[in-house]
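Okay, so here's the structure we're looking at.
The basis for the numbers below is simple: all heavy atoms, side chains too, and nothing from hydrogens, waters or symmetry mates. Note that the coordinates shown come from a computational prediction; the quantities given were computed from them, not determined experimentally. All chains are named by letter (A, B, ...) in the order of the sequence lines, taking the proteins before the strands, and each is independently numbered beginning at 1.
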Amino acid sequence: MLTNAHIADTLELVADLLEFQGANAFRVRAYRNGARAIRDLSASVAQIVLENPAGLLEIDGVGTSVAEKCTVLARTGSLPQLESLREEIPDTVLDMLRIPGLGPKKASVLYRELGVTTLAALREACESQRVRTLKGFGARTEALILHGLRVAEAAAKRHFWCEADETVQALTRHLETCADIERMRFAGSYRRGKETVGDLDLLVLSSRSDRVMDCLGRFAGVAETLGRGDTKMSVRMDTGLQIDLRVVPRESFGAAWQYFTGSKDHNVELRRRAKQRGLKINEYGVFRVEGATEHYLAGQSEEEVYGALDLPVFPPEIREARFEFRWAENGPLPRLVEEADILGDLHMHTTATDGTASLEAMAQAARTRGLKYIAITDHSQRVAMVRGLTPDRLLQQWACIDRLNAELAGSLTVLKGVECDILERGGLDLPDDVLAQADWVVASIHFGHRQPRDRITARLLEALAHPYVSAIAHPTGRAINYRDSYDVDMEAVLRAASVHGKFMELNANPSRLDLDDVHCAAAKELGVLVVINTDAHSVRDLALMRHGVQQARRGGLTHADVANTREWDELKPRIGRRR
DNA sequence: GCCGTTTTCGGCCCGACTGTTTTCAGTCG
C-alpha cells in the first residue's frame, strides 16, 4: 500500500514541474498545500481511498482535483498527469532549482533558450559565457550559478541521514524474510550518525551469500546492480543511494563491523595503537605479529576487537579520532546524552505564524510525547512572509498561554517565548519592554546572510549581550546540501555566549543540525550549554528531536552539557549566569 | 487548485534584495 509520504512526494513533483512550466502560482501552491496536508496526516490516504474515497475531501487543503489524483495514484500506483509532464520536461532540469538564486523562471529560460537539461550542461554553458547573453542574465548571475553548482553537485552525492534511515528500515524488514541471514548490521557514516550519508554499508553473516545477494536484488527500489562477486555486492537505489553488501565469516564479523564503521581517522589511530603492541588490526580480525607469522586473536565482536587494545567499545557517533581516545585514557567513557534525557523543547511555531498546528495542539502533542515544558517561539514581525508577530499580537498570544497553563494545571509548562529576528542593521526586532515579559527568547538571523564576516559576527555578539535574549537559534544559518553557513567568527560567538551565560541552540531539523558536531564540542569546551530544539512547524516535527540528540552525541555532549535535560525550574535561573 | 461564501467567483502570507535594468522580474525567507 502506498504511503502518505510517497503520495506527498508525487504531488510535490507535479508542483515542481508545473511551476517550471510557468503554471499559475496558486495552482502550484495548491498542490504543495495538498502534499503537506497529506504528509502531516496520521490516517493512511491509501486506506481512505480503499474504504471511502469521498473522505479525502475532509482533509483541509485537499479538494476535488487533488483527491482525484490521490485516488488514481493509490489504485494504480502511477499518475498519468505526472507521466505526461515528464514527457515534456526531463526530470533532471529540476536539479537546477537546487542552486541558490536560480528559480523556476530562470531555470526555464536556460532550458528553453540554451537546451540545458543537466547540471553538467549548465556548467558548460556558464564557462563558455553563453548564459550572460540571455535577457535578464549577466556576468554576476553566471558567477553565482557557478558557485551554486559546486554546492549542488556535492549535494547530489550525499543523502540526508534520515533518508538513508528510511532505506535502512525498509531494507531491514525486507531482509528479515531471508532465512539464510544469521545476523545483519549497518556500518559506515550511517552508523556513526553523520548528518549526511554517502552510501550504505551492510554486513551480513550467512553461509549462503548467493541467496542473500538474490534477496538484496529483489529489494523494492533497487535501480541497478553495480557489481556482484562472492562476498561483495553493490546496488544503486532509484533514489541514487548506493548500498554495499558484504558477506562476512563469523570469526571476522566484529572486526569487519568495526572496520567498516570507521571513521578512517579513527581506524588509523586504532591500527597505530595496535602496532605499538605488536598487534595488527584489519577487517578480518586482530592478529599477533611474530616475525613473519600472524596468529588470529579476536574478531567475532567489537568488544573483542577493542578489548584486545584495552579500549572500550566507543559509541559509533564519536569514532572520529577527535577526543574519544583521550577520553578513554582518563577512565570510563562518559555516558552521552540520550533522547530520553530531554525534558523540554524550546523552539516551535504555531498557526500564529508559519506552523501548521494551533498552540493548544502543539501543547497536547508535547505532553503526549512526555515533555515537561515547551516554549512557543513564533517569528517576530520582520519575517513578514509568515505574518511575523507584532508586539500586540505577541502579547495576545502570551495571554492565551497564561490561560492554557491554567488549564494544563502543571501537567505541562508552556513558556511564553518568541523567535526574535536579529535585524540586518543590528538590534532586535521587538522592543525591550515586550521582550522583558517573555520567559524565553531565541534570537536568530533570517536576513542579510551575505553580509561580511565582521558584520554578521557583530550582530550575533550584540544579541548575546542583550539582557532578554536566552539563546541563539540555528547559529550558523546553514542549510545542509543547499546553502553554506553565513560567514561568522563562531569562536567569538561561543566565547560571548560563555561570558553572558547564554545558550546555543542545536537545531534538530535534519536540514539544519546547526550547531554541527564540531561546534557542539567547542561549546562544551567553553562551558556553554547547548539547547537541543526541534524548531517544529507541525505536531509531527516534534519527533525530529532524535536527530538533534544524535548530532549532540557526535559532539560528545553528555546530560550535563545539554540545557534542556534539566527541569525548567532548574534551568531558568541559569540563563544569563556564567557557569 | 482550494476555499468561503457576497452560493459562483475572487482572493490566495508579503516585504526586501539582487542583478538586471532605466522601471522591474525573479528570488528569497
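Across dC2(B), dC12(B), dT18(B), the shortest atom-to-atom separation from the side chain of R450(A) is found for dT18(B). Nearest to the side chain of Y31(A), among dG1(B), dT20(B), dT18(B), sits dG1(B). Closest to the side chain of Y482(A), out of dG1(B), dC28(B), dT27(B), is dC28(B). Out of dC2(B), dC12(B), dG15(B), the shortest distance to the side chain of S65(A) is found at dC2(B). Distances were taken from every side-chain heavy atom of F447(A) (C-beta onward) to each of dG29(B), dC2(B), dC12(B); the shortest belongs to dG29(B).
The distance between atom CG of L102(A) and atom C1' of dT20(B), rounded to the nearest whole Å, is 15 Å. E19(A) places its CD atom 14 Å from the C1' atom of dG1(B), with the value rounded to the nearest Å. What separates CZ of R455(A) from P of dC17(B) is a distance of 14 Å, to the nearest Å. Regarding K106(A), its NZ atom lies at a distance of 12 Å from the C1' atom of dT21(B), rounded to whole Å. Here the P atom of nucleotide dG1(B) and the CD1 atom of I59(A) are 18 Å apart, to the nearest Å. For the pair H449(A) NE2 and dG29(B) C1', the computed distance is 8 Å after rounding to whole Å. Atom NE2 in H349(A) sits about 18 Å away from atom P in dC13(B), given to the nearest Å. Look at NE2 on H446(A): it is 19 Å from P on dC13(B), rounded to the nearest Å.
Note on D60(A): only backbone sugar-phosphate atoms sit closer than 4.0 angstrom, heavy atoms only; bases stay farther off. V28(A) comes within 4.0 angstrom of nothing in the nucleic acid, heavy atoms only. Here A139(A) lies in heavy-atom contact (under 4.0 Å) with sugar-phosphate atoms only. Backbone-only contact: G61(A) has heavy atoms under 4.0 Å from sugar-phosphate atoms and none from a base.
Relative ring orientation between Y111(A) and F20(A) is described as tilted, the plane-to-plane angle lying within the 30° to 60° band. Note: H347(A) and H474(A) have tilted aromatic rings, judged against thresholds of 30 and 60 degrees for the angle between ring planes.
R140(A) has a side-chain polar atom (N or O) that falls below the 4.0 Å cut-off from OP1 or OP2 of dG19(B). When the side-chain nitrogen and oxygen atoms of R483(A) are compared with OP1 and OP2 of dT27(B), none of them lie within a distance under 4.0 Å. Considering only side-chain N and O atoms, T64(A) lies nowhere under 4.0 angstrom from the phosphate OP1 or OP2 of dG1(B). Between T141(A) and dT20(B) there is a side-chain polar atom (N or O) within less than 4.0 angstrom of OP1 or OP2.
dT21(B) and dG26(B) are spaced 13 Å apart, taking the P atom of each and rounding to whole Å. For the C1' atoms, the distance linking dG19(B) with dC9(B) amounts to 38 Å, nearest Å. Remark: the separation of the P atoms in dT27(B) and dT20(B) is 13 Å, to the nearest Å. Across the C1' atoms, dT6(B) and dG10(B) are found 11 Å apart, a figure rounded to whole Å. Taking the P atoms as reference points, dC3(B) lies 13 Å from dC13(B), given to the whole Å. For dC17(B) and dG11(B), the P atoms lie 28 Å apart once the distance is rounded to whole Å.
For the pair R382(A) and G138(A), nearest-nucleotide mapping onto DNA chain B gives the more 5' position to R382(A). Between A30(A) and R387(A), it is A30(A) whose nearest contact on DNA chain B lies nearer the 5' terminus.
A distance-only check finds no donor-acceptor pair linking the side chain of S380(A) to the backbone of D429(A) [under 3.5 Å]. A donor-acceptor contact shorter than 3.5 Å links the side chain of R478(A) to the backbone of R512(A). Not a single donor-acceptor pair under 3.5 Å links the side chain of W440(A) to the backbone N or O of V469(A).
More than 12 heavy atoms of other residues, nucleotides or ligands sit less than 6.0 Å from atom CZ of R123(A).
When side chains are defined from C-beta on, L102(A) counts as touching L110(A), because their heavy atoms get closer than 4.5 Å.
Pairing partner, dC3(B): dG10(B), with both Watson-Crick or wobble hydrogen-bond distances short of 3.5 Å.
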